[in-house]
Structure formats: C-alpha cells, structure tokens
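Residue indices begin at 1 and follow the sequence shown.
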Amino acid sequence: MKQRHLGRTGLRVSRIGLGTLTWGRDTDEHDAAELLKAFWEAGGNLVDTADIYGGGEAEYLLGRLIADLVPREDLVISTKAGSVPDPERRVDGSRGHLLAALDASLARLGTDHVDLWQVHAYDEDTPIEETLQALDIAVTSGRARYVGVSNFCGWQLARAATWQLAAPGARTALAGTQLEYSLLQRGVEREVLPAARELGIGLLPSSPLGRGVLTGKYRTGTPADSRGASEHLAPFVAPYLDDAAGRIVDAVATAADGLAVTPLQVSLAWIRDRPQVTAPIVGARTAQQLEAALSVETLTLPDEICRALDDVSAPVHRYPDHDWSTL
C-alpha cells in the first residue's frame with residue numbers, strides 16, 4: 001500500500017487507515033485479529049482508535065494484538081481523548097483530564113507512546129490554550145510523537161493551529177485533523193479543508209463510506225447483519241437513508257457498473273484522492289469487508305467520473321464562500 005505524509009510533517013502513513021470504533025463491542029478479539037493481520041499484510045500501518053471506543057475495550061484489544069500478532073514498530077497508532085460518557089458534559093478538554101486519559105490509553109495499549117494523539121472534540125468550557133498545552137506536554141514527555149484534533153469546525157481548527165504556530169519550537173504544530181467526510185457528507189469542504197490546506201494539516205476522513213450506505217447495501221432494504229439493523233448503530237446510519245442520499249448512491253452504482261468495480265471501490269477511491277486527504281479511516285467489521293476496501297489500492301477514478309460524482313453530491317455553498325458578484 002502506498003504511503004503519504006500526514007500534513008506538513010515527516011510522519012508517513014498508509015493511504016487507507018484501519019478504524020476500531022466497534023472493537024470490543026461488535027467486533028470480538030478473533031475478528032479484530034483477522035482484520036489487523038490482513039491490514040498489516042497488505043502494507044497498512046495507520047490504526048485509529050479512541051479512549052472512548054467500547055469504553056476502553058478497543059484500545060485494550062488493540063494492545064493485546066500488537067503484543068502477540070503485529071510488531072509495534074510496524075504500526076502508526078492513533079488515539080483520541082476528550083470525549084466523556086457524561087450527559088452533563090460530553091467533552092472535557094482540560095489539561096488534567098486529557099493527560100490522565102493519555103496515561104490510561106498507554107496502559108491499555110501496552111505501549112510507552114502513541115504515534116498520533118488527537119483531541120476528540122472542541123471544549124467550549126476550557127480555554128483552547130489549556131487544551132493545546134496538553135498536546136505540547138504529551139510530545140515533550142515522549143508520550144506522543146505527533147498531535148492533532150478531531151471534529152473541530154473551520155474556525156476552531158484555524159484558531160488551534162495558528163496558536164500552535166505562533167511560537168515556533170515552543171509549541172507542537174498540529175499534524176492532522178479527523179472529521180467525517182464522504183460523498184454523502186461534504187461539509188468539511190466549506191471551511192475545514194481550506195484551513196487545513198493553508199496550515200499544512202492532513203485530513204483523516206472518518207466514515208468515508210457514508211456510514212456504510214455508499215456500499216449500496218441499503219438500496220433495497222436494510223440487511224439483517226448490517227449496522228443499520230443494529231439497535232445501537234441504526235440511529236447512526238439513518239440520516240443517510242433519505243432520498244437525497246439515495247440519488248448519490250444510485251450515481252455511485254452507475255459509475256461502478258461502468259467501470260466494472262463495486263460502489264465501495266468507487267466511493268473509497270473518490271475520497272482517498274480528494275485534495276488534502278491523507279488517509280480515509282475504514283471501519284470494516286469483517287476481514288472480507290476489509291479486503292474489499294483494500295482492493296481500491298489499484299483503482300484511480302477517471303476524471304469524468306470524478307466530475308460527475310462531484311456534481312451529483314455537491315453541497316450548496318453560497319455567500320460568503322463564493323464571491324458575492326457570482327451569486
């Protein structure tokens with residue numbers, strides 16, 4: 001698998017990442033082992049997790065597997081902290097919480113450092129400089145090699161990244177940002193992507209297959225073994241089962257038929273090769289699903305297909321994103 005630099009850094013990652021959102025909950029140790037081994041054997045190295053995934057079980061499971069199955073030095077491990085299971089406070093970006101969460105993550109992962117550590121969400125109740133100081137401490141203490149943020153909107157990303165660049169050498173520049181991005185969700189193109197491009201930050205798209213909808217599996221109903229049929233994941237999939245999404249999925253299927261490939265391959269190739277994208281994070285449930293995703297490595301979409309998909313999925317962005325004289 002080809003590799004790319006994460007943003008304007010020396011860190012090289014595979015251009016497809018492996019997600020672990022369901023590990024320790026819907027994906028057991030046997031299936032997780034098959035996924036990690038297949039990913040590693042295909043040349044993949046970026047494995048994405050978070051302290052909140054499975055209540056910590058995803059990190060714990062990954063830690064066991066890198067101890068017994070895949071060499072630690074062959075992987076770029078990315079984890080996140082800041083999301084908390086508290087209905088009164090969904091996000092905690094305080095320095096104390098973040099550093100304690102990092103220590104707990106390292107213990108579960110069984111390693112002395114993570115390669116990429118990200119703030120999971122923006123905390124409006126904590127000064128951004130306090131949150132970012134935790135990232136600096138993580139790097140200077142050796143507990144993280146690179147840092148980034150996740151689910152920050154455009155102005156939040158620009159503010160955080162600019163703060164880190166304001167004192168070269170004293171602060172650690174943001175390497176990456178992770179947000180949902182796919183043919184069914186192109187909101188990041190409005191402000192996040194321009195900010196990331198200007199500030200040298202790589203984008204790691206989550207849910208690059210539109211929460212599974214872009215595979216075409218829901219075109220004739222909800223398969224019994226799909227996330228859309230899962231009690232706790234059905235609400236996650238439901239927003240992308242409307243008529244607007246259906247028209248985009250139909251266009252993807254038409255393109256796939258014309259190229260003699262699958263809708264999954266078309267959708268993943270499209271997002272992988274978007275400007276500023278470093279590596280989409282694929283959350284496969286089975287080794288068969290992962291194999292299908294990894295098969296996109298040799299596929300590059302023709303320009304006319306890309307333009308057609310761009311057109312059918314284009315979000316409405318007017319003023320102030322476009323020059324007022326063109327409205």
Side-chain angles (χ1 to χ4, degrees), residues 1-20 44-51 53 59 62-63 66 71-83 93 95 98-99 101-106 108-122 128-152 156-179 192-193 195-206 276-281:
M1 192 184 305
K2 294 180 181 179
Q3 295 188 347
R4 292 170 172 166
H5 287 276
L6 180 61
R8 206 174 291 153
T9 74
L11 179 62
R12 292 178 60 83
V13 300
S14 52
R15 60 178 187 167
I16 296 290
L18 177 63
T20 64
N45 69 351
L46 176 60
V47 182
D48 178 76
T49 190
D51 64 347
Y53 291 173
E59 288 182 331
L62 177 58
I66 60 177
R72 168 67 181 91
E73 60 270 20
D74 286 358
L75 299 180
V76 173
I77 297 178
S78 169
T79 194
K80 298 177 283 292
S83 289
R95 181 176 54 246
L98 291 176
L99 292 175
L102 176 57
D103 288 339
S105 289
L106 294 176
R108 287 189 291 268
L109 290 165
T111 184
D112 63 354
H113 74 278
V114 291
D115 301 285
L116 176 64
W117 189 46
Q118 301 174 90
V119 179
H120 210 158
Y122 189 87
I128 188 64
E129 56 269 28
E130 178 182 335
T131 296
L132 295 172
Q133 188 184 39
L135 300 183
D136 296 332
I137 293 172
V139 172
T140 56
S141 66
R143 286 177 280 179
R145 298 295 189 254
Y146 295 87
V147 292
V149 296
S150 176
N151 298 308
F152 277 38
Q156 293 166 349
L157 175 64
R159 184 183 181 201
T162 302
W163 177 271
Q164 292 302 92
L165 294 172
R171 300 178 190 140
T172 304
L174 301 184
T177 183
Q178 186 169 337
L179 298 97
V192 172
L193 282 187
R197 181 174 60 248
E198 182 69 20
L199 294 161
I201 298 170
L203 179 64
L204 302 172
S206 56
Q276 209 60 32
V277 167
T278 298
I281 306 299

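Here the NZ-OG1 distance, from K80 to T49, works out to 6.5 Å after rounding to the nearest 0.5 Å. Distance check: D112 CG to L106 CG gives 7.5 Å after rounding to the nearest 0.5 Å. For the atom pair CD1 of I281 and OG1 of T20, the computed distance is 9.5 Å after rounding to the nearest 0.5 Å. We find the CG-CG distance between L157 and L193 to be 10.0 Å, quoted to the nearest 0.5 Å.
Listed by chain and residue number, H113, D115 satisfy the side chain to side chain contact (heavy atoms under 4.5 Å, CB included) test with R145 (two or more places apart in sequence, or in another chain). Scanning for side chain to side chain contact (heavy atoms under 4.5 Å, CB included) contacts around R4 gives R15, R272, D273, V277, T278, with sequence neighbours left out. Considering only residues two or more places apart in sequence or on other chains, A167 meets the side chain to side chain contact (heavy atoms under 4.5 Å, CB included) condition with A170, R171. In terms of the side chain to side chain contact (heavy atoms under 4.5 Å, CB included) criterion, residue partners of A160 (sequence neighbours excluded) are, by chain and number, I128, L132, F152, L174. Applying the side chain to side chain donor-acceptor pair (under 3.5 Å) test to T172 and every residue at least two apart in sequence or in another chain returns nothing. For the side chain to side chain donor-acceptor pair (under 3.5 Å) test, no residue two or more places apart in sequence or in another chain qualifies with N151.
Side-chain polar atoms of S105 and E59 form a donor-acceptor pair below 3.5 angstrom. A side-chain donor-acceptor contact under 3.5 Å links R95 and Q133.
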Original post:
After noting the C-alpha distance and the side-chain angles of I137 and R143, does the key distance pass the side-chain contact (heavy atoms from CB on, under 4.5 Å) rule?
Top reply: CA-CA 8 Å; I137 293 172; R143 286 177 280 179; 3.6 Å; yes
**OP:** May I have the step-by-step check of side-chain contact (heavy atoms from CB on, under 4.5 Å) for W117 and L98, ending in yes or no?
**Re:** CA-CA 10 Å; W117 189 46; L98 291 176; 3.8 Å; yes
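Inter-residue side-chain proximity for L204 and L46 is flagged as met; some heavy-atom pair is nearer than 4.5 Å. Looking only at side-chain heavy atoms (C-beta outward), R108 and L62 stay at 4.5 Å or farther from each other. Counting heavy atoms from C-beta on, the side chains of N45 and D74 never come closer than 4.5 Å. Between V114 and S78 the shortest side-chain heavy-atom distance does not fall below 4.5 Å. At a threshold of 4.5 Å between non-hydrogen side-chain atoms, the residues T162 and E198 do not count as touching. For the pair D48/Q178, a side-chain contact is recorded, criterion being any heavy-atom separation below 4.5 Å from C-beta on. Using a 4.5 Å heavy-atom cutoff, the side chains of V147 and Q164 are not in contact.
Between the Q276 side chain and the I201 main chain, a donor and an acceptor come within less than 3.5 Å of each other. Remark: side-chain polar atoms of T131 are paired, donor with acceptor, to backbone N or O of G93 under 3.5 angstrom. The main-chain N or O of Q3 is never found under 3.5 Å from a side-chain atom of S14 such that the two would form a donor-acceptor pair.
In this structure, A101 and A81 approach most closely via the heavy-atom pair CB-CB, 3.8 Å. Of all the heavy atoms in L199 and A158, the pair that sits closest is CD1-CA, 3.8 Å. Among all heavy-atom pairs drawn from A138 and S141, the shortest one is O-OG, 3.2 Å.
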